[in-house]
2 protein chains.
Amino acid sequence: MRVLKYAILGLLDKGSLSGYDMTSHFKAELGQFWSAKHSQIYPELKKLTDEGFIEFETVIQGSKLEKKVYSITAAGKRELHEWLTAYQPVPNTVKDEFMLKAYFISAMEPGEAEGLFADQLAKRKQKAAFLKERLEELKQEAGPEFSFQSPHFGHYLVLTRALERENGYCNWLKKALELMKRG
Amino acid sequence: MRVLKYAILGLLDKGSLSGYDMTSHFKAELGQFWSAKHSQIYPELKKLTDEGFIEFETVIQGSKLEKKVYSITAAGKRELHEWLTAYQPVPNTVKDEFMLKAYFISAMEPGEAEGLFADQLAKRKQKAAFLKERLEELKQEAGPEFSFQSPHFGHYLVLTRALERENGYCNWLKKALELMKRG
DNA sequence: GGAGACATGTAAAATGTTACATGATTAC
DNA sequence: GTAATCATGTAACATTTTACATGTCTCC
C-alpha cells in the first residue's frame, strides 16, 4: 500500500521540505500516527523522484552543506488526492504489545499484574499531560476555534485524537486496576 | 523484540494448540491487538521448538491428517514470565492511516473530507456494535462479574479495551464532523 | 575546540504480507 | 461430489529497524 509514499506527498503538499525536515515532522505530532526513520525516507524520496511525483532543488546551507529541498509535482498532487479520498476499511488489528500482555494476565501473580498496570497508567498519564500541553500551545497560537478553514485544522485533529486516545486508555487502565484490587 | 514469540508462548501457556489453532485466535478477539499469518507462525514454531521453549506431539486427525500439537516447556514459561513482567515504555507511534489522512485534510475539498469522515464513522460504529455483542456473549457465558480470579479476565480486558477504543474513535469522528459542518 | 543539531546516504537484519503449493476432513 | 474448513509448509516481496558511514554548521 506504500503508505510512506503518501505521508511524504502529504507533507510536501503543505510545503517544500528536505528529507531531514520530514524526520522532524515524524518526531512531532504527526509521529503519534505515522513515522519512519531517515534510512527509509531517503530511498523513498529517490523512488518518488524517479516516478515523477516529487522533484528537488539542491540548496547550499552555509558554505558547503548540501540540502535537497523537495516539492510535490502536479502528478504527485493527483496521486495524493486519489489516496486521500479513497474509502478504506477499518483495520482488523492495531498492534498493542501491552494489550497482548493483558490478554495473558492469568500467567502473572496479582501483584505483578497490578504493578504492570500501575506503571502503564503512570506513563500514559504523563503522555496525556504532554499532549494536553501541546494542544494548549496550539490554541494559544491559532485561537481556541478550529474549523475546516483553519490552516491548523489537520494539526488540531491529530492532537485531539491523540489526547483522547491516551485519556481513554487511562480510564480503561483505572477500571482494570479497580477490578484487580477487589480480588 | 520478537513479540510473535511471546504471543505464541502466551497462547500455549493457556493450553496446547496447533499452528492452525493459533491463526484462529488471531482472527478472534486477540486479533484486535495482535495477529500473524500462518506463513509467519509456522517458521516461528520451528524456531521456538529448536530453542526449547515449546515442544510438539503429532496427532492424527481422522485417518491420515497430521496435526502438530504444541505445548510450552518450563523454559518457555520462564521466558514468557520475564517478558510479561517487564515494564515497557509507551510507544511513540501507533500507526493509523486514517489519522494520516486527517492530518492532510487541507488537501481535500470540504465535501470530500466530510464523506471520508462519515464513511469512517459508519464503519467504526459497526465495529463497536460487533464488539459490544461479543462482550454481551462473554457476560452470558461467564457471568457479569469479572475479577483477577476469573479464567476469562484476559478475554474481558481485551474486549472492553477494544470496545472503548472504537467508541472513543466514534466520538472524536462525530466532533470532527460537527466542526466541518459549521464551515 | 567540542557538543548537539543539521544533513544524507547504504547495508544488513528483522518483521510482515501475498502468493505458491499441497492434501485431508466434514457437513451438506 | 463439492464447498468450506482443517492443516502445514515454502518463496518472493514489501516494510521497518538497527547499524554502519560520513561530513557540516551553530552555539557556547
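Reminder, nothing fancy here: chain letters follow the sequence lines and each chain counts from 1.
For the pair A/Leu17 CG and C/dC6 P, the computed distance is 14 Å after rounding to whole Å. Atom CG in B/Leu4 sits about 7 Å away from atom P in C/dG16, given to the nearest Å. The NE2 atom of A/His38 sits 9 Å away from the C1' atom of C/dT10 (whole-angstrom rounding). Taking atom CD of A/Glu57 as the reference point, atom P of C/dA7 lies 15 Å away to the nearest angstrom. Between B/Gln40 atom CD and C/dA13 atom C1' the separation is 14 Å, expressed in whole Å. C/dG23 atom C1' lies 13 Å from atom OH of B/Tyr42, rounded to whole Å. Between A/Lys27 atom NZ and C/dA7 atom P there is a gap of 12 Å when expressed in whole angstrom units. Atoms CD1 (A/Ile41) and P (C/dT10) sit 14 Å apart, rounded to a whole Å.
Residues forming a side-chain hydrogen bond (donor to acceptor under 3.5 Å, both in side chains) with B/Glu29 (at least two apart in sequence, or on another chain): B/Arg134, B/His155.
Here chain B contacts DNA chain D (any atom closer than 4.0 Å to a heavy atom, that is under 4.0 Å), and the contacts span D/dT5 to D/dT16 from 5' to 3'.
Ranked by how close their nearest DNA chain C nucleotide is to the 5' end, A/Val69 and A/Lys95 are led by A/Val69. Both B/Met1 and B/Leu45 lie near DNA chain D, and the one whose nearest nucleotide falls closer to the 5' end is B/Leu45.
Heavy atoms of B/Lys67 sit under 4.0 angstrom from primed sugar atoms or phosphate atoms, though from no base atom. Across all strands shown, A/Lys46 has heavy atoms under 4.0 Å from sugar-phosphate atoms exclusively, and none from any base.
The pair B/Glu145-B/Lys139 does not meet the salt-bridge criterion, since no charged nitrogen lies less than 4.0 angstrom from a carboxylate oxygen.
Using a 4.5 Å heavy-atom cutoff, the side chains of A/Leu163 and A/Phe130 are not in contact.
B/Thr93 and A/Trp34 are not linked by any side-chain donor-acceptor pair at a separation below 3.5 angstrom, with hydrogens and angles left out of the test.
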Protein N or O to nucleotides 24-26 of chain C N or O, pairs below 3.5 Å:
from   : atom 1 : to      : atom 2 : distance (Å)
C/dA24 : O3'    : B/Leu65 : N      : 3.3
C/dT25 : OP1    : B/Gln61 : O      : 3.3
C/dT25 : OP1    : B/Ser63 : N      : 2.6
C/dT25 : OP1    : B/Ser63 : OG     : 3.3
C/dT25 : OP1    : B/Lys64 : N      : 2.6
C/dT25 : OP1    : B/Leu65 : N      : 3.3

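Between A/Phe33 and A/Phe26, the ring center distance fails the sub-6.0 Å criterion. In summary, the aromatic rings of B/Phe146 and B/Phe153 are positioned with their centroids too far apart to meet the 6.0 Å limit.
The side chain to side chain donor-acceptor pair (under 3.5 Å) pairs that include a residue from residues 48-57 of chain A are A/Arg2-A/Glu51, where partners are two or more places apart or lie in different chains.
When hydrophobic side chains of Ile, Leu, Val, Met, Phe, Trp and Tyr are connected at separations under 4.5 Å, B/Val90 ends up as a singleton with no cluster partners. Under a 4.5 Å side-chain heavy-atom cut-off, the cluster of Ile, Leu, Val, Met, Phe, Trp and Tyr residues that includes A/Val94 is completed by B/Val94.
Checking C/dT18, C/dG16, C/dT8 against the side-chain heavy atoms of B/Trp34 singles out C/dG16 as nearest.
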